[in-house]
Amino acid sequence: AGYPPNPGGIEAVAKDDIVFMAEKLFQLQDSFRSMGNVDTTVDIGYHYTNEEHFKKIRENGLMTRSERQNASLGDHTNGQVYGEGIYTANNPFAFQHFGPVGLVVARLKGRSSQRIHTSVPVTS
């Protein structure tokens with residue numbers, strides 16, 4: 001099942017993941033556009049996790065704590081310092097301490113918060 005790992009340790013989740021992701025991304029962009037005044041920009045981010053959580057991520061995608069609870073998938077999280085959400089980084093190396101499994105994710109911004117060298121989140 002799945003592709004054999006390559007020498008760099010990168011493994012595809014499934015053959016049709018990019019098609020599924022693109023369809024969902026376009027649907028969400030349309031939904032955000034209809035809301036008006038919501039950012040529909042897509043960029044790349046990085047999310048780190050532990051190997052034991054990766055199976056559930058492969059099966060269900062990245063989910064917030066409340067989404068996992070609603071689906072009866074448990075509520076483990078590394079923390080919610082800035083509130084409910086899926087935490088990603090711009091720097092691929094900055095948060096490797098959260099786990100040895102790194103995911104490259106396409107981020108559709110919508111409404112978000114970011115920390116800019118202060119202890120107070122800035123909402124955009």
Side-chain angles (χ1 to χ4, degrees):
Y3 297 106
N6 71 20
I10 297 172
E11 181 180 342
V13 175
K15 291 180 183 180
D16 59 347
D17 278 345
I18 195 72
V19 173
F20 175 78
M21 183 203 66
E23 288 173 348
K24 294 299 281 183
L25 186 65
F26 294 143
Q27 290 170 0
L28 285 170
Q29 278 184 310
D30 286 343
S31 173
F32 284 6
R33 279 189 196 100
S34 70
M35 293 174 167
N37 200 24
V38 178
D39 191 350
T40 60
T41 303
V42 176
D43 70 356
I44 298 297
Y46 306 91
H47 177 87
Y48 283 90
T49 190
N50 292 309
E51 291 180 32
E52 61 266 19
H53 302 296
F54 187 57
K55 181 179 182 203
K56 286 185 180 176
I57 293 172
R58 286 179 77 161
E59 292 171 359
N60 303 294
L62 288 170
M63 301 170 82
T64 64
R65 174 181 271 186
S66 62
E67 289 170 335
R68 288 190 307 276
Q69 288 174 332
N70 291 339
S72 300
L73 296 172
D75 66 353
H76 175 77
T77 182
N78 282 321
Q80 293 189 349
V81 175
Y82 302 106
E84 175 84 3
I86 297 168
Y87 291 34
T88 62
N90 296 328
N91 180 335
F93 307 107
F95 296 98
Q96 289 178 323
H97 60 278
F98 283 105
V101 178
L103 306 173
V104 178
V105 297
R107 301 183 295 192
L108 176 59
K109 210 169 189 184
R111 292 190 175 96
S112 64
S113 296
Q114 67 184 49
R115 183 176 176 194
I116 305 177
H117 303 294
T118 70
S119 60
V120 179
V122 176
T123 303
S124 57

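Values below: every heavy atom of this structure, side chains too, minus hydrogens, waters and symmetry copies.
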Compare every heavy atom of [Y] with every heavy atom of [X], then report the nearest pair and how far apart it is.
X   : Y    : result
S34 : S31  : OG-O, 2.6 Å
Y87 : H47  : O-ND1, 2.7 Å
L62 : V105 : CD1-CG1, 3.8 Å

Only pairs under 3.5 Å count here: list side-chain donor-acceptor contacts from residues 19-28, not counting sequence neighbours, and write none if there are none.
none

Practice task
Quick one: pull up CG in L108 and OG1 in T41 and give me the separation to the nearest 0.5 Å.
Solution key: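 Between L108 CG and T41 OG1, I get 8.5 Å after rounding to 0.5 Å.
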Problem - Separation between CD1 of I86 and CZ of R65, rounded to the nearest 0.5 Å - result: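 Here the interatomic distance stands at 13.0 Å.
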Problem - Close side-chain approach of H97 to F95, heavy-atom, < 4.5 Å - result: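 Yes. Closest side-chain heavy atoms under 4.5 Å.
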Practice task
Please examine the side chains of V42 and Q29, heavy atoms only from C-beta on, and report whether any two atoms are closer than 4.5 Å.
Solution key: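 The answer is yes, as the side chains (C-beta and beyond) meet within the 4.5 Å cut-off.
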Going by the rule side-chain contact (heavy atoms from CB on, under 4.5 Å), which residues pair with [X] if we only count those two or more places apart in sequence or in a different chain?
X   : result
N91 : F93, A94
E51 : P100, V101
S72 : none

Problem - Over 12 foreign heavy atoms within 6.0 Å of OH, Y46 - result: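 Atom OH in Y46 is crowded, with more than 12 foreign heavy atoms closer than 6.0 Å.
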Just by distance, do the side chain of [X] and the backbone of [Y] share a donor-acceptor pair under 3.5 Å?
X    : Y   : answer
R107 : I44 : yes
N50  : E52 : no
R68  : L73 : no

Exercise for the section: Would you please name every residue forming a side chain to side chain donor-acceptor pair (under 3.5 Å) with T64, sequence neighbours left out? Expected result: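 So T64 forms a side chain to side chain donor-acceptor pair (under 3.5 Å) with S66, E67, E84.
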Problem - Pairs satisfying salt bridge (charged side-chain N to carboxylate O under 4.0 Å, His left out), at least one member in residues 25-37, at least two apart - result: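 Matches after skipping sequence neighbours: D30-R33.
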